[in-house]
Amino acid sequence: MRETYHEELNSISDGLAEMANLVGSAMGLATAALLDADLQLAESVISTDAKVDDLQRDLENRAITVLARQQPVATDLRLVVTSLRMSADLERSGDLAEHVAKLARMRYPQRAVPRDLRRTILEMGQLAQRLMAQAAEAIITHDVAAALQLEKDDDRMDELHRMTFQHLMDEQWHHGVETAVDVTLIGRYYERFADHAVSVARRVVYLVTGEHADELTPETLA
């Protein structure tokens, strides 16, 4: 019975890592669809979101089953409860990748991103995917230092987000209101996606240490 119990707990962690990798990949593909006006790729990302939703429902069912049958305490209880919260972050991340893909589809056969912003948006997409990959790795390894580093790495996303607004406010902007709205939404999607990756990492810190990331002391990390 004890072995089965630990297998159930491990399966929850594995499910979270799978979700994180899936939504990270989806955002990478959505970025490519956006920049290349690739309709087929956009459709594949949109259809993938249903799998993310299915994974979340399955994970929630497994977590609830563990709570009902095993009545976990201490660290095991933290794992189950925190996993439910992480799965919500990851499901919303999948929605954001879908939003990017839908915007690419809506503007097809045109590109939604003007040429002079392509490099910035490409970096935002690559960074979003990398941050989520780091979150997936933190879920697997329970590496507190790596999880905390992710929040620092997110500073670059905030900087890129600000850069998009500066570009929109520049008097040289000549792409019109519709494109300005598109770029504003795209920047927000990436920024929120990165925030969810950070949230997942912070929950890993809580899972491992029992303390919130902003409450950690050097003694806790020693």
Side-chain angles (χ1 to χ4, degrees), residues 3-34 38-72 76-106 108 125-142 147 150 185-186 188-204 206-207:
E3 182 177 347
T4 300
Y5 171 51
H6 284 292
E7 287 177 355
E8 291 173 339
L9 292 177
N10 289 336
S11 74
I12 292 174
S13 293
D14 291 344
L16 287 170
E18 182 181 1
M19 281 186 72
N21 283 319
L22 184 60
V23 299
S25 176
M27 186 56 95
L29 295 174
T31 302
L34 183 71
D38 189 324
L39 182 60
Q40 184 175 356
L41 198 55
E43 294 288 5
S44 72
V45 173
I46 293 166
S47 63
T48 296
D49 189 58
K51 182 177 181 181
V52 175
D53 294 342
D54 288 342
L55 285 171
Q56 186 198 20
R57 283 190 289 269
D58 180 62
L59 190 148
E60 286 182 342
N61 288 335
R62 278 184 279 163
I64 291 170
T65 297
V66 168
L67 285 172
R69 292 181 179 175
Q70 306 292 348
Q71 298 181 349
D76 291 346
L77 179 59
R78 279 209 309 273
L79 170 62
V80 176
V81 174
T82 303
S83 295
L84 289 170
R85 293 172 177 170
M86 283 194 278
S87 73
D89 277 311
L90 294 170
E91 189 275 332
R92 294 188 190 106
S93 299
D95 288 344
L96 291 164
E98 183 186 27
H99 292 340
V100 172
K102 283 185 174 179
L103 202 153
R105 182 177 67 178
M106 182 172 64
Y108 179 83
Q126 291 173 337
L127 179 57
Q129 186 173 6
R130 186 165 70 251
L131 289 172
M132 194 57 76
Q134 291 173 234
E137 184 67 17
I139 291 169
I140 295 169
T141 63
H142 287 185
L150 195 150
L185 289 172
I186 291 166
R188 181 60 173 165
Y189 296 153
Y190 286 123
E191 188 264 342
R192 288 298 300 143
F193 187 94
D195 284 349
H196 284 304
V198 170
S199 179
V200 169
R202 289 173 68 87
R203 295 189 196 283
V204 170
Y206 174 72
L207 170 61

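Keep in mind that this is a model prediction, so the values were computed, not measured.
- For the pair L67/P72, a side-chain contact is recorded, criterion being any heavy-atom separation below 4.5 Å from C-beta on.
- Here D76 contributes atom CG and L207 contributes atom CG; the two are 9.5 Å apart, rounded to the nearest 0.5 Å.
- The two atoms that bring L34 and A104 nearest to each other are CA-CB, 3.7 Å, heavy atoms only.
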* Asked: Going through the distances and angles, do R62 and T65 end up as a side chain to side chain contact (heavy atoms under 4.5 Å, CB included)?
  -> CA-CA 5 Å; R62 278 184 279 163; T65 297; 5.6 Å; no
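- Considering only residues two or more places apart in sequence or on other chains, R105 meets the side-chain hydrogen bond (donor to acceptor under 3.5 Å, both in side chains) condition with E43.
- The residues D89 and R85 are annotated as not salt-bridged, no charged nitrogen and carboxylate oxygen being separated by less than 4.0 angstrom.
- Annotation: the span from L59 atom CG to I64 atom CD1 amounts to 10.0 Å, rounded to 0.5 Å.
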* **Intermediate values then yes/no, side chain to side chain contact (heavy atoms under 4.5 Å, CB included), T31 and Y190** => CA-CA 10 Å; T31 302; Y190 286 123; 2.7 Å; yes
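- Looking at L9 and V80, their side chains come closer than 4.5 Å, going by heavy atoms from C-beta outward.
- No side-chain donor-acceptor contact under 3.5 Å links S25 to the backbone of L22.
- In this structure, L131 and Q134 have side chains that are in contact, with non-hydrogen atoms separated by less than 4.5 Å.
- To the nearest 0.5 Å, atom CG of residue L90 and atom CZ of residue F193 are 8.5 Å apart.
- The minimum heavy-atom distance between A30 and A101, with the atom names listed, is CB-N, 4.0 Å.
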* Pair R92-D95, salt bridge (Lys or Arg N to Asp or Glu O under 4.0 Å): steps then yes or no -> CA-CA 5 Å; R92 294 188 190 106; D95 288 344; over 6 Å; no
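- Every residue was checked against the salt bridge (Lys or Arg N to Asp or Glu O under 4.0 Å) condition with D38, not counting sequence neighbours, and none meets it.
- Going from atom CZ of R192 over to atom CG of L96 covers 7.5 Å, rounded to the nearest 0.5 Å.
- Between the CG atom of L41 and the CD1 atom of I46 there is a distance of 10.0 Å, given to the nearest 0.5 Å.
- Of the listed residues (I139, V81, L16, T82), just one forms a side-chain contact (heavy atoms from CB on, under 4.5 Å) with R203, and that residue is T82.
- For the pair L185/H99, no side-chain contact is recorded, criterion being any heavy-atom separation below 4.5 Å from C-beta on.
- Residues A42 and A33 share a closest heavy-atom pair of N-CB, 3.6 Å.
- The structure places CD of E137 at 11.5 Å from NE2 of H142, a figure rounded to the nearest 0.5 Å.
- Closest approach of A135 and V200 over heavy atoms only: CB-CG1, 4.1 Å.
- Counting heavy atoms from C-beta outward, Q56 and V52 have side chains that stay 4.5 Å or more apart.
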* Do M27 and S93 pass the side chain to side chain contact (heavy atoms under 4.5 Å, CB included) test, and can you show the C-alpha distance, the side-chain angles, and the key distance before you say yes or no? -> CA-CA 9 Å; M27 186 56 95; S93 299; over 6 Å; no
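- Nearest approach of A136 to N21, heavy atoms of both residues: CB-OD1, 3.5 Å.
- Scanning all heavy atoms of the two residues, the minimum distance from V204 to A138 falls at CG1-O, 3.6 Å.
- Listed by chain and number, the residues in a salt bridge (Lys or Arg N to Asp or Glu O under 4.0 Å) with R57 are D54 (sequence neighbours excluded).
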